[in-house]
Amino acid sequence: MKELINPLNKAFESRIRLGIMSVLMVNDWVEFTDMKEMLDITDGNLASHITALEKLGYVEVRKQFVGKKPNTTYGATKAGKKAFNEHLDALEKLLKNRE
Amino acid sequence: MEQIEDNPHRHLEDLQQIRTIMERSSRFISLSGFSGVFVGIFALIGEYIAVQHFHVDPFNFDLNSYGVLHGLPFFGNEYATPLVPGWHFSLKYDFTYFMVDAVIVLLLSLFAATTMSWRRARINGDKVWNAASKRLLANLFIPLAAGGIFCIAMLYQHYVDLIIPATLIFYGIALFNAGKYTLNDIRFLGIIEICLGLLCCFFTPISLVLWGLGFGVMHIVYGIVMYYKYER
């Protein structure tokens with residue numbers, strides 16, 4: 001049965017974005033390299049998806065310098081957490097309706 | 001709003017993947033529980049060696065009457081006033097013996113836990129040195145270091161009665177705290193260590209028995225349980 005309004009968030013259609021949000025739901029601030037390792041993806045791939053999420057206001061980027069090295073960390077915004085939770089609820093509901 | 005392709009298989013996979021990533025990115029799941037068996041055996045052997053060397057009765061033990069402290073730097077040289085009047089025997093060597101015994105047990109235990117966790121991480125396709133394992137170590141070692149320094153402070157202040165219970169209590173708190181960042185089961189071991197430590201505060205004459213139970217037997221039991229639960 002198809003519902004009239006699809007509650008799934010288009011922003012989380014990609015697996016990589018789901019992955020990024022999952023990591024940020026349980027970790028406050030995550031470094032670029034750590035994120036890359038956790039999701040096992042390339043720099044470019046991660047950067048483009050993070051930028052997309054940042055534009056939507058779901059991810060916050062923090063740039064600092066640790067000594068002379070630039071250090072970029074990412075965190076989920078309140079809006080991002082809310083949107084992701086709604087997306088998860090929608091996924092669960094869709095699966096339940098099928099049983 | 002555009003429709004996302006309504007594919008139940010995909011939704012299920014998505015949810016499973018989300019769960020796995022959340023778990024993996026926040027917890028270091030490769031900490032080897034089975035290494036607990038070795039840690040426990042090392043602790044028991046170490047304790048046995050110390051008990052034999054110092055001829056103490058583990059069922060009626062009083063650290064106060066025992067001059068184990070006298071080799072310590074802040075107790076002065078071997079001619080320092082003995083803690084117990086009439087104790088005219090330099091225990092410098094004995095304290096050294098005790099420390100060497102303790103440090104060997106510690107190093108062997110750390111070695112077993114690290115190498116076996118390394119192996120598990122390889123099996124799980126996990127990295128050993130990642131954000132999750134760093135956080136686990138910080139959460140384990142901060143309470144543990146505080147406990148260690150506290151025990152040294154008690155030696156320094158000559159409050160020796162509660163040193164053995166303190167090792168159990170702080171170790172238990174460290175494990176309980178670390179449980180948030182690895183498999184949850186270790187929290188139960190932490191609670192048991194805390195309880196044994198608190199019991200030990202009231203029953204100091206059997207503190208060596210309780211110590212052996214906590215650091216020896218409980219580690220072995222924990223290791224066997226973890227082996228059957230996750231690592232077989």
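Lettering of chains follows the sequences in order, A, B, ..., and the numbering in each one begins at 1. Source: prediction; values computed, not measured.
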(message) Taking 4.5 Å as the heavy-atom cut-off, does anything in residues 54-80 of chain A contact chain B, and if so which residues?
(response) none
(request) Measure the spacing between CZ of B:Arg10 and CG of A:Leu95 and express it to the nearest 0.5 Å. (result) 12.0 Å
(message) Can you give me the closest heavy-atom contact between A:Gly19 and B:Ile21, atom names plus distance?
(response) CA-CD1, 3.6 Å
(message) If you count heavy atoms of other groups shown closer than 6.0 angstrom to NZ of A:Lys82, is the number above 12?
(response) no
(message) Tell me whether the count of non-hydrogen atoms from other residues, nucleotides or ligands lying under 6.0 Å of CZ in B:Phe203 goes above 12.
(response) no
(request) With rounding to the nearest 0.5 Å, note down the distance linking OG in A:Ser22 to CZ in B:Arg19. (result) 11.0 Å
(message) Please check if the number of heavy atoms outside A:Trp29 that lie under 6.0 Å from its CH2 is greater than 12.
(response) yes
(request) Please report the closest heavy-atom contact between B:His11 and A:Leu8, naming both atoms and the distance. (result) CE1-CD1, 3.5 Å
(message) Within the supplied structure, the quantity of interest is the number of heavy atoms (other residues, nucleotides, ligands) at a distance under 6.0 Å from B:Arg119 CZ; does it exceed 12?
(response) no
(message) Tell me which of these, B:Thr20, B:Leu12, B:Asp14, has more heavy-atom pairs under 4.5 Å with chain A than the rest.
(response) B:Asp14
(message) For residues 31-48 of chain A, give me every residue with a non-hydrogen atom less than 4.5 Å from any non-hydrogen atom of chain B.
(response) A:Asp34, A:Glu37, A:Met38, A:Leu39
(request) I would like to know whether B:Arg135 and A:Asn27 meet side chain to side chain contact (heavy atoms under 4.5 Å, CB included); could you show each step before the answer? (result) CA-CA 11 Å; B:Arg135 198 163 25 188; A:Asn27 295 279; 2.7 Å; yes
(message) Does anything in residues 166-193 of chain B reach chain A? List residues with heavy atoms under 4.5 Å apart, or say none.
(response) none
(request) Please state whether the side chain, the backbone, both or neither of B:Glu13 comes within less than 4.5 Å of a heavy atom of chain A. (result) both
(request) List for me each residue that meets side-chain hydrogen bond (donor to acceptor under 3.5 Å, both in side chains) alongside B:Arg24, sequence neighbours excluded, and say none if there are none. (result) none
